[in-house]
Amino acid sequence: MVTVSAQKPPAPHGYISISTKRLLHNLEINAGARASVWVDSMRASSPTHIKSTPDDQGAWNLHHPSALEMFEQIIDASKGKQIIMFLDYDGTLSPIVEDPDRAFMSNKMRKTVRKLAKCFPTAIVSGRCRDKVYKFVKLAELYYAGSHGMDIKGPEKRSKTDKVTEHVIFQPASEFLPMIDEVYKQLVETTKSTPGAKVENNKFCLSVHFRCVDEKKWSGLAQQVKSVLKEYPKLRLTQGRKVLEIRPTIKWDKGKALEFLLESLGFANCTDVFPVYIGDDRTDEDAFKILRDRGQGFGILVSKYPKDTNASYSLQEPDEVMDFLRRLVEWKQLSMGA
């Protein structure tokens with residue numbers, strides 16, 4: 001169990017005299033600047049706000065070429081090694097939609113992932129609640145890491161009496177559950193005044209979706225969220241793709257979840273393992289960086305637009321992800337047949 005202790009405020013030293021009007025003016029400027037930074041960041045997370053020239057796209061593609069076009073080189077690099085697949089859900093296996101409760105994956109994608117799991121150990125690593133992403137995917141043979149890796153479960157196994165046992169591997173943030181439930185209720189109440197805002201309880205973390213919020217109200221929404229969190233120093237605010245994320249302040253993310261799953265599978269210190277992580281969000285960068293630092297496998301960013309990333313390759317959309325996964329399955333089946 002990971003514990004987090006709250007920091008003590010610094011002891012006061014001296015006092016300086018300053019006019020109340022001037023103090024309030026400075027506070028307003030600082031608050032406005034902070035809000036501006038958040039709004040700029042929220043805009044940056046929206047693909048519709050990303051502007052790039054053909055030259056920018058070409059230069060980016062040189063450093064992050066299409067995983068489909070580079071498929072043969074990828075396979076050459078993986079020969080003699082065990083491929084392990086890690087897949088984000090939203091924007092990777094399913095399209096990004098306005099209503100997060102309707103982010104369904106296609107039957108074709110599900111069939112592809114099922115075939116993939118027969119060829120390689122496969123994990124879904126999502127910011128979503130593990131139970132919710134399982135209901136979307138509906139494949140019991142996978143590993144699931146929900147809440148940005150803070151809720152990890154292995155594949156279901158059947159005993160000799162044909163009973164299904166659900167094995168939860170790791171939940172490093174269990175002590176935060178009461179606090180997260182409390183903050184969830186406050187956020188739902190606080191954000192009611194912002195049309196289009198949706199608060200999602202992902203069990204070990206919370207998501208405030210602003211995909212359907214008027215851009216003019218983004219600053220106000222960010223302030224509402226921060227006003228709730230100021231009373232909870234053990235929770236931190238981060239940002240994903242048109243979503244504000246509230247997570248415990250423990251050192252755990254999708255990269256840590258990837259390392260934990262590799263260790264659980266028996267590949268912690270192996271040189272003959274080839275992890276492949278596919279994702280579209282800022283939170284996936286933690287996993288991309290781990291792979292780059294390890295010098296094993298690679299990350300694939302799903303994006304139509306140039307982005308700063310630690311991924312080695314790119315795919316433009318979930319349909320291309322499905323094509324890549326199908327080619328992996330076909331290659332594995334052919335190599336096993338040979």
Side-chain angles (χ1 to χ4, degrees), residues 1-7 84-90 121-137 140 142-157 165-185 187 199-208 228-229 231-240 243-270 273 275 277 279 281-291 293-294 296 299 310:
M1 186 65 66
V2 180
T3 58
V4 181
S5 57
Q7 293 182 341
I84 313 288
M85 296 300 300
F86 298 89
L87 307 169
D88 182 26
Y89 182 75
D90 293 275
T122 302
I124 307 295
V125 186
S126 172
R128 297 264 197 167
C129 167
R130 174 171 59 80
D131 292 339
K132 184 173 288 187
V133 78
Y134 178 81
K135 288 177 182 178
F136 280 134
V137 178
L142 309 183
Y143 288 82
Y144 289 87
S147 302
H148 298 289
M150 288 182 281
D151 188 6
I152 300 175
K153 167 189 168 293
E156 293 178 351
K157 297 179 180 178
T165 58
E166 184 179 280
H167 181 51
V168 176
I169 300 176
F170 197 49
Q171 293 180 333
S174 297
E175 64 182 282
F176 291 91
L177 284 175
M179 182 186 298
I180 289 170
D181 286 339
E182 185 178 309
V183 172
Y184 170 71
K185 293 173 184 175
L187 284 172
V199 185
E200 184 178 13
N201 189 337
N202 292 313
K203 191 170 182 178
F204 292 97
C205 60
L206 303 171
S207 299
V208 181
V228 172
L229 292 185
E231 303 298 328
Y232 297 90
K234 291 186 177 183
L235 298 179
R236 62 189 173 102
L237 181 63
T238 61
Q239 194 179 326
V243 62
L244 298 174
E245 306 272 12
I246 294 94
R247 295 191 251 170
T249 54
I250 62 173
K251 292 182 178 180
W252 198 263
D253 50 42
K254 289 183 176 181
K256 297 286 187 185
L258 181 151
E259 288 188 309
F260 181 86
L261 284 166
L262 285 176
E263 183 176 347
S264 300
L265 289 164
F267 295 104
N269 300 307
C270 294
V273 63
Y277 189 107
D281 199 86
R282 287 186 183 185
T283 56
D284 298 310
E285 290 297 327
D286 295 314
F288 296 154
K289 187 175 185 304
I290 288 292
L291 294 181
D293 291 346
R294 288 171 67 105
Q296 289 181 315
N310 285 297

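Fair warning: this is a prediction, and the values are worked out from it, not measured in the lab.
- The two residues Ser147 and Cys205 come nearest to each other via the heavy atoms CA-SG, 3.7 Å.
- Looking only at side-chain heavy atoms (C-beta outward), Ile246 and Leu187 come within less than 4.5 Å of each other.
- Nearest heavy-atom pair, Trp252 versus Arg236, reported as atom, atom and distance to 0.1 Å: O-NH2, 4.0 Å.
- In this structure the side chain of Val125 never reaches within 4.5 angstrom of the side chain of Leu87, judged on heavy atoms.
- Side-chain contact between Tyr143 and Lys153 is absent, with no heavy atoms from C-beta onward closer than 4.5 Å.
- The salt bridge (Lys or Arg N to Asp or Glu O under 4.0 Å) test applied to Asp88 returns Lys254, not counting sequence neighbours.
- Atom CZ in Phe86 sits 4.0 Å away from atom CG in Leu258 (nearest 0.5 Å).
- Looking at Ile180 and Lys203, their side chains never come closer than 4.5 Å, going by heavy atoms from C-beta outward.
- Distance CD1/Ile84 to SG/Cys270: 9.5 Å, rounded to 0.5 Å.
- A side chain to side chain contact (heavy atoms under 4.5 Å, CB included) with Pro121 is found for exactly one of Leu142, Leu261, Leu265, namely Leu265.
- Salt-bridge formation is not detected for the pair Asp181/Lys185: no Lys NZ or Arg NE/NH1/NH2 atom is positioned less than 4.0 Å from an Asp or Glu carboxylate oxygen.
- The local environment of CG in Asp293 is crowded, with over 12 non-hydrogen atoms from other residues, nucleotides or ligands closer than 6.0 Å.
- The two residues Pro275 and Leu262 have their closest heavy-atom pair at CG-CD1, 4.0 Å.
- For Thr238 and Glu245, the side-chain atoms include no donor-acceptor pair closer than 3.5 Å.
- Here the side chains of Phe204 and Pro248 are not in contact, with every heavy-atom distance at 4.5 Å or above.
- Counting non-hydrogen atoms of neighbouring residues, nucleotides and ligands closer than 6.0 angstrom, the CD atom of Glu182 exceeds 12 such neighbours.
- In terms of heavy atoms, Asp281 sits closest to Gly240 at OD2-CA, 3.5 Å.
- Residues that satisfy the side-chain contact (heavy atoms from CB on, under 4.5 Å) test with Tyr134, not counting sequence neighbours, are Ala140, Tyr144, Glu156.
- In this structure the side chain of Ile250 reaches within 4.5 angstrom of the side chain of Met150, judged on heavy atoms.
- Separation of the Phe136 and Tyr89 ring centroids falls under the 6.0 Å cut-off.
- The two residues Cys129 and Asn202 come nearest to each other via the heavy atoms N-OD1, 3.1 Å.
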| said: side chain to side chain contact (heavy atoms under 4.5 Å, CB included) for Ile290 and Gln296? Distances and angles first, verdict last. | reply: CA-CA 9 Å; Ile290 288 292; Gln296 289 181 315; over 6 Å; no
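- By the side-chain contact (heavy atoms from CB on, under 4.5 Å) test, Glu285 pairs with Phe288, Leu301, Thr309, Asn310, sequence neighbours left out.
- In terms of the salt bridge (Lys or Arg N to Asp or Glu O under 4.0 Å) criterion, residue partners of Glu200 (sequence neighbours excluded) are, by chain and number, Arg128, Lys132.
- Contact record, Pro233 with Thr249: O-CG2, 3.8 Å, taken as the closest heavy-atom pair.
- Scored by the ring pair (Phe, Tyr, Trp, His ring centres under 6.0 Å) test, Phe260 finds Phe170 as partners (sequence neighbours excluded).
- Residues passing the side-chain contact (heavy atoms from CB on, under 4.5 Å) test with Asp253 are Arg247, Lys256, Asp286, sequence neighbours excluded.
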